[in-house]
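Please read the structure below before turning to the comments.
Side chains included, hydrogens not; waters and symmetry mates left out as well; all remaining heavy atoms used. In the text below, chain A, chain B and the rest are named by the order of the sequence lines, each starting its count at 1.
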Amino acid sequence: MTEHHPDDSYHPDAVESKWQARWAERGTNAPDLDHADRPFYNLMMFPYPSAEGLHVGNVFAFTGADVFGRFKRLQGYQVFEPMGYDAFGIHSENFAIKTGVHPADLIPRNIANFRRQLKRMGGMFDWRHELTTTDPAYYKWTQWVFLQLYHAGKAYKKKAAVNWCPNDKTVLANEQVINGACERCGTLVEQRFLEQWFFKITEYAERLLANLDDRTKMDWSASTSIAQRNWIGRSDGAEIDFPSGAGPIRVFTTRPDTIFGATFMVLAPEHPLVERLTAPVERNAVEAYRKAAAAKDLISRKVGEKEKNGVWTGGYARNPATGAEIPVWIADYVLMEYGTGAIMAVPGHDERDFAFATRYRLPIIRVLAGAGETGATPLREAALETDELRLVNSGRFSELPAEQGLRSIVDWLEQGQQGNGVVRYRLHDWCISRQRYWGPPIPIIYCEGCGPVPVPEKDLPVRLPIIEDFRPDDSGISPLARHQEWYVVPCPRCGKQAHRETDVSDTFLDSAWYYLRYLSTEFDDRPFEADRVKRWLPVASYIGGNEHAVLHLLYSRFLAMVLHDQGVLHFEEPFRKFRAHGTIVKDGAKMSKSKGNVVIPDEYIARWGADTFRMYLMFLGPYTEGGDFRDEGLAGPRRFLDKVWDLVVQCEKRTLVGSEVHQSIVIKWNQTKKRVTEGLESLAYNTAIAALMELLNALRAVNCTERRIVKDLVVMLAPFAPHFAEECWERLGARTSVFEARWPAWDEALTVESEIEVPVQINGKTRSRVTVPRGALEEAVVAAARLDPAVRKFTDGKELRKVIYVKDRLLNFVVG
RNA sequence: GCCGGGGUGGCGAAACUGGCAAACGCAAGGGACUUAAAAUCCCUUGGGCCUCGGCCCUUGGGGGUUCGAUUCCCCCCCCCGGCACCA
């Protein structure tokens, strides 16, 4: 049996519990929010506290963000790293319905478990500023945010479609609709129109778009910016009026240049003019079609069958360009919520219109032609994508290049007041109403005399009553409306009997402003403390998943913009820097309960310790891309920590300092400092760890226990393995936390050896190497290489055509 | 269909700005220590030849630019994620 001195081997559990306790005691992770002079707000996306506990994906995300925060801390910043829980939403409701546990009981239990796990993984969280969105002390201010938007005129009510299950008689969220059917009873879902609350995010579309390119405001992952740009979906086009018996029909098109090819029109089935356009003989057919369209749920209408169908209304409109009378159809491939809900159909140059025209034998006219073609040739596929297109069959605009034709036609339409150039966005206003229970009630009271009245700020929060029958039932009424004692209230304006809004708000509203609240959780008389907002915001670094690239991140930006315009915030963009992390798979496959390959962090932490687990997660692949979790992989980082531990123990025993350090070690040491620093800065954690491993290997190879180097190694390890580093730091004689240490600096001149091996290539193939002093001149290197027999073998008797020398890197002889 | 991200040894992966492909780690094989095993330490490890000095091939496939391509350009195939009748 091997002799074990208890103090001489690494026991993760003991080390980790010791330092977690000490951090809590000393307030190590709680910066002074009111006096910090180098504040750094390090934010990560707060989790939904599920009953299953922290997922390894959460741990991966949080660890990567925590590593970054700890690194910044070591660089001398005061880092605020808060954590909270996004606890409202349909998740809890569904879980509650399945298990019979009320969300109000479930959530605190889940949170307690999450908090335990988050502490166990060693995050640098400031627990004084924890928040939970379901806490009335939080959602009071979520309601306040709603009122700010309401008073700013950015909140309004309108009818909008929801998924409706005719069997359960309830509203369904999109995720509860599976293949067009209700997930619970399988009945086909239909759409219904309800009055709902919206935020006018579309008013901000242009600013939201423009700021994406503004480096002074936003430094974001390119993929995230692109996703936002696509989501906002700007298109430049024109609105054109087509006169009809029922009044002008306004269409939106991005290709006004093709107007001469518009041979019919198509309106969305819900279009308000349909009624008046419909000829008596077609009434039955039109009504039947409209009914059928309404019966389709929101999802399947969009993605359902690709086959285009529709019916003729019996009405006509006049093409303002050709003067021709063209038939007006309705079809559900035209959507009411985009453009004007009506299109001019140009079957000659639009795939969908073409399919429709072919099916119903409507005329097809070609109005664009490529070089060498005439308008008489048949339709060519993708005609719009070819270069050098010119107009044909387009009256006096014929023969104009397409681009110029477009401008001329828009000018002409504008002059005749028949249309004008406009910009449209794909982005819709944000519907925040949810006909559900588990969310913050929207703070509005309806009064017969006064109409909708906002709840006065002094009456906030409008508490969500803890009721048992929150389940959707056959009544078809929002669950909250069934509770008279809550539902019926006096009107705040006139005092007469009135009733509350029964919709709750979207969970995305909770999460759209949480970063503001963290700083000020101890104040219950204001949403956020102004001085702290000034000091700490905008967020210095935000790390999260790209699944929130559009909704959460866009809503947060929008809200900050509104509050900025209201004079409440000094910034428009809340997240100066955003980076998306990758996703983790297990053994090459997506994790899922049914496959039984879900990684449960607790089990791994119990077996290996939090530090090893953190190291492994950061090492298994590039942080921004994610990677493949394999059980065998944990041994590597653990062995590495064991060896560092041994080195520290040896260092402890040797009192001698200032021993001579070999030149190659000094180089390695400086290279490592550089590589680790740059790796951390760019979130290339896997290569930063590899660099630390190389340094350790180099030290061990020559049995070097130089204290300066070992101390630097420990400091650089601290972001990844914080408890471990603290313990080592203490053993190396420190009395303060390793996070009080200074991040190691390197000497650039010492990152390169003074003598360099330069590969010598002949015609691009490496045939030999020569060792030369760093920075040697080309002549010297060439001379050295020409003496090399291995090189001469390939060059002797050949004509030397060219010599390429890249300083300190490579020499290439081109011979023929 | 559109938009992102990928495809490199047995595996996870690395490679600055076009300059020695495979760093670091896992797994595997051999050896040392041990009565034995675990742990630890040392060596080998992309493939194929080989006269042991080397030689040839290799980054999804095909072309191109270049003295030189994992990296740049064109075409194609496959995987992952998102959006999806957006006029």
Side-chain angles (χ1 to χ4, degrees), chain A residues 1-2 9 221-227 229-231 233 235 237 251-255 258 266 299 301-308 331-335 337-346 350-353 355-356 424-428 545-547 549-550 580 582-583 585 587-588 590 615-616 619-622 624-637 639-640 642-643 646 675 678 684 686-694 696-697 700 757-769 790 793 801-806 808-816:
Chain A
M1 197 184 279
T2 327
S9 59
S221 290
S223 61
T224 314
S225 299
I226 290 166
R229 191 166 291 119
N230 293 343
W231 188 263
S235 25
V251 302
F252 173 70
T253 176
T254 54
R255 298 303 302 252
T258 63
V266 187
I299 300 157
R301 165 142 174 213
K302 286 187 180 171
V303 296
E305 73 255 39
K306 289 279 167 194
E307 201 177 299
K308 305 281 169 286
D332 66 4
Y333 79 90
V334 175
L335 308 170
E337 65 276 15
Y338 186 75
T340 59
I343 61 162
M344 62 174 205
V346 184
D350 181 279
E351 226 180 288
R352 296 155 303 166
D353 297 344
F356 197 81
R424 281 275 177 177
Y425 301 91
R426 197 185 188 118
L427 181 70
H428 293 358
N546 238 352
E547 68 273 17
V550 282
T583 50
V585 296
D587 301 321
K590 206 174 165 177
M615 293 269 309
Y616 176 60
F619 184 62
L620 57 66
T624 51
E625 275 160 47
D628 192 1
F629 190 102
R630 286 171 191 265
D631 291 355
E632 313 89 79
L634 282 127
R639 283 201 270 262
F640 168 66
D642 282 335
K643 290 177 201 168
D646 287 346
R675 284 172 68 192
E678 290 174 354
N686 54 335
T687 54
I689 293 172
L692 292 171
M693 289 172 166
E694 282 183 51
L696 176 79
N697 292 344
R700 282 165 58 89
E757 249 197 0
V758 175
V760 182
Q761 300 188 334
I762 285 93
N763 292 341
K765 282 186 194 273
T766 305
R767 298 297 182 180
S768 184
R769 289 146 225 279
K793 197 169 113 190
R801 292 202 178 141
K802 208 171 170 186
V803 176
I804 290 138
Y805 179 63
V806 184
D808 293 344
R809 292 223 85 118
L810 162 140
L811 178 67
N812 188 13
F813 290 120
V814 183
V815 299

Side chain of [X]: nearest nucleotide among [options]?
| X | options | value |
| --- | --- | --- |
| A:L335 | B:rG12, B:rC83, B:rA87 | B:rA87 |
| A:P759 | B:rC3, B:rA14, B:rC20 | B:rC20 |
| A:R767 | B:rG12, B:rC55, B:rC3 | B:rC55 |
| A:R809 | B:rC11, B:rA87, B:rC16 | B:rC16 |
| A:Y333 | B:rC3, B:rA87, B:rC85 | B:rC85 |

Please state the [atom1] separation for the pair [N] and [M] - nearest whole angstrom.
| N | M | atom1 | answer |
| --- | --- | --- | --- |
| B:rG60 | B:rC52 | C1' | 35 Å |
| B:rU35 | B:rU51 | P | 43 Å |
| B:rG19 | B:rG7 | C1' | 24 Å |
| B:rU59 | B:rA15 | C1' | 11 Å |
| B:rC85 | B:rC2 | C1' | 13 Å |
| B:rU66 | B:rC73 | P | 16 Å |
| B:rU58 | B:rU70 | C1' | 11 Å |
| B:rG1 | B:rA69 | C1' | 32 Å |

A:S223 side chain to A:N546 side chain, donor-acceptor N/O pair below 3.5 angstrom: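 Yes, side-chain donor-acceptor contact under 3.5 Å.
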Separation of [X] atom [atom1] from [N] atom [atom2], in whole Å?
| X | N | atom1 | atom2 | value |
| --- | --- | --- | --- | --- |
| A:D631 | B:rG12 | CG | P | 15 Å |
| A:D628 | B:rG6 | CG | C1' | 14 Å |
| A:I226 | B:rG5 | CD1 | P | 6 Å |
| A:I762 | B:rC56 | CD1 | P | 11 Å |
| A:N546 | B:rC83 | CG | C1' | 13 Å |
| A:F640 | B:rC41 | CZ | C1' | 18 Å |
| A:N230 | B:rG1 | CG | C1' | 14 Å |
| A:F356 | B:rA87 | CZ | C1' | 14 Å |

With sequence neighbours excluded, what pairs up with A:F813 under the ring-ring contact (aromatic ring centres under 6.0 Å, His included) test? none
Partners passing ring-ring contact (aromatic ring centres under 6.0 Å, His included) against A:F629 (at least two apart in sequence or in another chain):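 Checked A:F629 against ring-ring contact (aromatic ring centres under 6.0 Å, His included); matches are A:Y604, A:Y616.
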Dot-bracket line, read 5' to 3' along RNA chain B, where crossing pairs take [ ] and | marks a partner on another strand, Watson-Crick or G-U under 3.5 Å: (((((((..(((......[....))).(((((.......))))).((((....))))..(((((..]....))))))))))))....
Side chain proximity check, [X] to [Y], heavy atoms < 4.5 angstrom:
| X | Y | value |
| --- | --- | --- |
| A:Q761 | A:I804 | no |
| A:D350 | A:F356 | no |
| A:M344 | A:V346 | yes |
| A:Y333 | A:L335 | no |
| A:D587 | A:R630 | yes |
| A:V758 | A:D808 | no |

Could you say whether A:D642 or A:M344 is positioned toward the 5' end of RNA chain B, judged by the nucleotide with the nearest heavy atom to each?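 Result: A:D642.
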Hey, which of these two, A:L620 or A:A227, hits RNA chain B nearer its 5' end, going by closest nucleotide?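 The residue mapped nearer the 5' terminus is A:A227.
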Residues which pass side-chain contact (heavy atoms from CB on, under 4.5 Å) with [X], listed by chain and number, not counting sequence neighbours:
| X | value |
| --- | --- |
| A:A355 | A:K308 |
| A:R809 | A:V806 |
| A:E351 | none |
| A:P622 | A:E625, A:N686 |

State which residues pass side chain to side chain donor-acceptor pair (under 3.5 Å) with A:R700; sequence neighbours excluded, sorted by chain then number.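 Partners of A:R700 under the side chain to side chain donor-acceptor pair (under 3.5 Å) test: none.
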Look at the side-chain N and O atoms of [X] and state whether any lies under 4.0 Å from the OP1 or OP2 oxygen of [N].
| X | N | answer |
| --- | --- | --- |
| A:K765 | B:rG19 | no |
| A:K590 | B:rG81 | yes |
| A:R426 | B:rA87 | no |
| A:R229 | B:rC3 | no |

Checking understanding here: a glycosidic angle within 90° of 0 is syn, the rest anti, so what is B:rG9?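 Classified syn.
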Would you mind building the protein contact string for nucleotides 63-69 of chain B? One character per nucleotide, 5' to 3', B for base within reach (heavy atoms under 4.0 Å), S for sugar-phosphate only, - for untouched. ----B--
With the sugar-phosphate defined as primed atoms, P, OP1 and OP2, and the base as all remaining atoms, what B/S/- string results for nucleotides 22-34 of chain B, 5' to 3', for protein heavy atoms under 4.0 Å? -BBSSS-------
By the 4.0 Å heavy-atom rule, please label A:R630 as base, sugar-phosphate, or nothing. sugar-phosphate
Considering only nitrogen or oxygen atoms on both sides, find all protein atoms under 3.5 Å from nucleotides 44-52 of chain B and state each distance.
none

A:D628 side chain to A:L620 backbone, donor-acceptor under 3.5 Å: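 Not a single qualifying donor-acceptor pair exists.
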Going by the rule salt bridge (Lys or Arg N to Asp or Glu O under 4.0 Å), which residues pair with A:R675 if we only count those two or more places apart in sequence or in a different chain?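 Scan of A:R675 (salt bridge (Lys or Arg N to Asp or Glu O under 4.0 Å), adjacent residues dropped) gives A:E694.
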Spatial distance of atom OG1 (A:T340) from atom CZ (A:R424) [nearest 0.5 Å]: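 Here the rounded value is 6.5 Å.
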